[in-house]
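Structure first, then comments.
Just so it is clear, the values below take in all heavy atoms, side chains as well, and ignore hydrogens, waters and symmetry mates. The residues of the chain are indexed from 1 along the displayed sequence. Atoms within a ligand are numbered from 1 in the order they appear, just like the ligands themselves.
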Amino acid sequence: MSVSNPVPQRFSVRAAELDDADPLSSYRDLFVDAPSVVSYLDGNSLGRPTKAGAERVARFVAESWGGRLIRGWDEEWFDLPLTVGDDLGRVVLGAAAGQTAVGDSTSVLLYKLARGAVALRQGRDEIVLDTDNFPTDRYVLEAVASELGMTLRWIESDPRSGVHADEVAAVVGDRTALVVLSHVAYRSGYLADAASITRIAHGAGALMLWDLCHSAGSVPIELDEWGVDLAVGCTYKYLNGGPGSPAFAYVRAGLLEEFVQPIWGWMGREDCFEMAPGYRPAKGIRRILSGTPAVLGMIAMRDTVELIDRAGIRAIRAKSVLLTEFALELVAESLVPLGVTVASPVDPSLRGGHVTIDHPHFRAVTPALWERGVIPDFRAPEGLRLGLSPLSTSFAEVVVGVEAIRAELAAGS
Ligand SMILES: *Cc1c(COP(=O)(O)O)cnc(C)c1O
């Protein structure tokens with residue numbers, strides 16, 4: 001058995017230097033304090049609340065909901081899914097106005113977009129996806145395929161890496177209706193080449209749908225420039241919308257007029273307050289909506305969108321790369337000697353905002369880590385994800401977290 005020593009002092013010194021030099025360090029004070037947490041490494045799963053978001057929610061309850069009551073719908077709420085969608089589009093997604101709406105969950109929006117997409121490719125009977133995509137993506141596409149008698153073409157992706165452009169090129173063809181992939185892999189953090197893969201899908205005549213859950217707010221996204229057809233993503237991860245805050249959907253302007261989603265609710269109908277017979281999709285991206293939108297859930301994310309706008313996604317990405325590089329150095333120094341292996345790409349240009357490490361004891365030590373206020377998340381079978389949300393995470397926090405993981409592993413072995 002190898003002897004394990006605490007993380008060397010020089011890493012704490014480096015962390016202090018990196019925090020001092022960090023142009024975004026002051027943003028950490030804009031988040032709500034969690035006194036029992038010493039290292040939050042799960043901002044990729046549930047982002048921390050911003051103080052401004054907490055105040056905005058309280059103000060909303062007191063003034064908008066409490067004060068305006070039903071009048072709030074006419075004054076603001078009815079258009080909020082599109083207003084917030086446009087902000088997200090401009091600041092986070094590289095999307096011009098009128099193509100993004102907020103509502104439902106990612107799972108539900110995935111179904112709506114995938115089902116609407118394959119209807120635009122009648123005569124094609126295959127959907128391309130990969131074996132390591134997030135479970136909901138796989139299940140939803142299984143449902144669409146079984147509903148319509150389509151075939152799923154699975155790319156056997158490497159769980160420590162992700163889907164490469166040549167793997168997509170090898171499976172698409174004139175039967176492909178739709179390609180659905182994650183921009184940043186939820187497990188490994190692999191950052192897919194979205195522009196190239198979108199081109200490959202289009203070259204085969206297929207539509208491209210990106211799941212942006214783990215990239216929105218952490219890596220630059222240029223949906224319009226890449227020519228992406230459809231995208232979904234959640235807002236409670238790097239966008240700090242809060243538990244269960246609604247997802248977003250993007251439909252390229254050129255597709256919108258013919259695009260019809262399968263949940264024909266009144267809120268997505270043209271002139272919905274006419275209560276008229278028969279469903280006719282509303283003009284534009286409003287047609288993505290079905291029922292009454294989750295207004296309260298859209299409040300808090302607005303402040304994060306403002307922060308991202310102010311900080312700039314390039315600066316956020318630059319800090320993200322430094323954070324994951326630093327984490328991997330610490331892992332190499334203090335955890336690899338204990339048998340830990342790295343399950344994320346080592347090249348930062350192929351990696352999003354989190355890193356995953358594997359060890360057979362990670363399931364067993366996770367409760368003790370949480371008890372100490374060190375909060376990564378465990379991903380079966382033996383992965384620990386270190387999610388380093390750039391606006392709210394310090395370099396010092398990474399040292400504290402890795403040292404706690406080392407101590408728990410060393411104690412357990
Ligand atoms: C987090 C995540 C989801 C979550 O879907 P919900 O409907 O919000 O539960 C979906 N896809 C990916 C890739 C994710 O990372």
Side-chain angles (χ1 to χ4, degrees), residues 41-48 81 84-85 88 92-93 101-115 127-144 154-155 157 159 161-163 178-192 194 197 208-219 221 223 228 230-250 261 263 288-291 293-294 297-298 300-301 304 320 343-344 351-356 376-380 383 385-389:
L41 306 176
D42 219 353
N44 61 324
S45 233
L46 180 69
R48 306 178 76 132
V84 178
L88 270 175
V92 175
L93 305 177
V102 175
D104 302 317
S105 62
T106 299
S107 302
V108 171
L109 285 181
L110 251 171
Y111 175 72
K112 288 160 98 170
L113 292 201
R115 186 65 183 73
I127 300 173
V128 169
L129 71 172
D130 76 294
T131 49
D132 201 44
N133 205 342
F134 190 80
T136 224
D137 301 60
R138 292 181 271 118
Y139 305 156
V140 161
L141 295 171
E142 284 169 1
V144 171
W154 295 93
I155 295 171
S157 51
S161 170
V163 179
L178 177 68
V179 179
V180 182
L181 297 170
S182 280
H183 187 205
V184 169
Y186 83 102
R187 188 194 304 270
S188 71
Y190 179 82
L191 175 61
I197 291 174
M208 183 74 221
L209 195 174
W210 284 104
D211 184 328
L212 307 174
C213 280
H214 271 93
S215 60
S218 74
V219 301
I221 297 170
L223 294 180
V228 169
L230 308 142
V232 294
C234 48
T235 63
Y236 50 79
K237 292 173 178 168
Y238 293 102
L239 299 174
N240 314 305
S245 61
F248 61 83
Y250 165 94
Q261 54 87 2
I263 314 287
I288 292 307
L289 306 185
S290 298
M298 293 177 205
M301 73 178 82
T304 299
S320 170
S344 291
R351 191 172 67 223
H354 69 271
V355 296
T356 297
D377 65 16
F378 175 74
R379 281 293 172 267
R385 270 192 327 188
L386 313 178
L388 308 170
S389 191

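- Among Y236, Y111, F134, the residue whose heavy atom sits closest to atom 9 (O) of ligand 1 is Y236.
- Residue contact check: S105 has heavy atoms under 4.0 Å from atoms 7 (O) of ligand 1.
- Close contacts of ligand 1 with D211, meaning ligand atoms under 4.0 Å from a residue heavy atom, involve 10 (C), 11 (N), 12 (C), 13 (C).
- Annotation for ligand 1: atoms under 4.0 Å from non-hydrogen atoms of H214 are 15 (O).
- Close approach of ligand 1 to T136 (heavy-atom distance below 4.0 Å) involves ligand atoms 10 (C).
- Counting all heavy atoms, side chain and backbone alike, N44 lies closest to H214 at O-NE2, 3.3 Å.
- The shortest N/O to N/O separation between K237 and ligand 1 falls below 3.5 Å.
- The backbone N or O of I263 sits nowhere less than 3.5 Å from a side-chain atom of K112 that would complete a donor-acceptor pair.
- Taking the side chain as every heavy atom from C-beta outward, S45 and R379 approach each other to under 4.5 Å.
- When each atom of ligand 1 is checked for a heavy atom of T106 under 4.0 Å away, the hits are 5 (O), 6 (P), 7 (O), 8 (O), 10 (C).
- Contacts with ligand 1 closer than 4.0 Å are made by no heavy atom of L110, backbone or side chain.
- Given atom 7 (O) of ligand 1, the protein heavy atom at minimum distance is S107 OG, 2.6 Å.
- Judged by distance alone, the side chain of R385 and the main-chain N or O of Y186 form a donor-acceptor pair under 3.5 Å.
- At a cut-off of 3.5 Å, with distance as the only test, no side-chain donor of S218 or S320 sits close to an acceptor on the other residue.
- Residue-ligand proximity, C213 to ligand 1, at heavy-atom distances under 4.0 Å covers atoms 2 (C), 3 (C), 10 (C), 11 (N), 12 (C), 13 (C), 14 (C), 15 (O).
- A donor-acceptor pair is defined here as one N or O able to donate and one able to accept, closer than 3.5 Å; such a pair exists between the side chain of T356 and the backbone of R187.
- Here is the list of ligand 1 atoms found below 4.0 Å of a heavy atom in S182: 13 (C).
- Of the possible polar contacts, one joining the S157 side chain to the D132 backbone as a donor-acceptor pair under 3.5 Å is found.
- With L209 as the fixed residue, the side-chain contact (heavy atoms from CB on, under 4.5 Å) test singles out one of V232, L181, V228, V179: V232.
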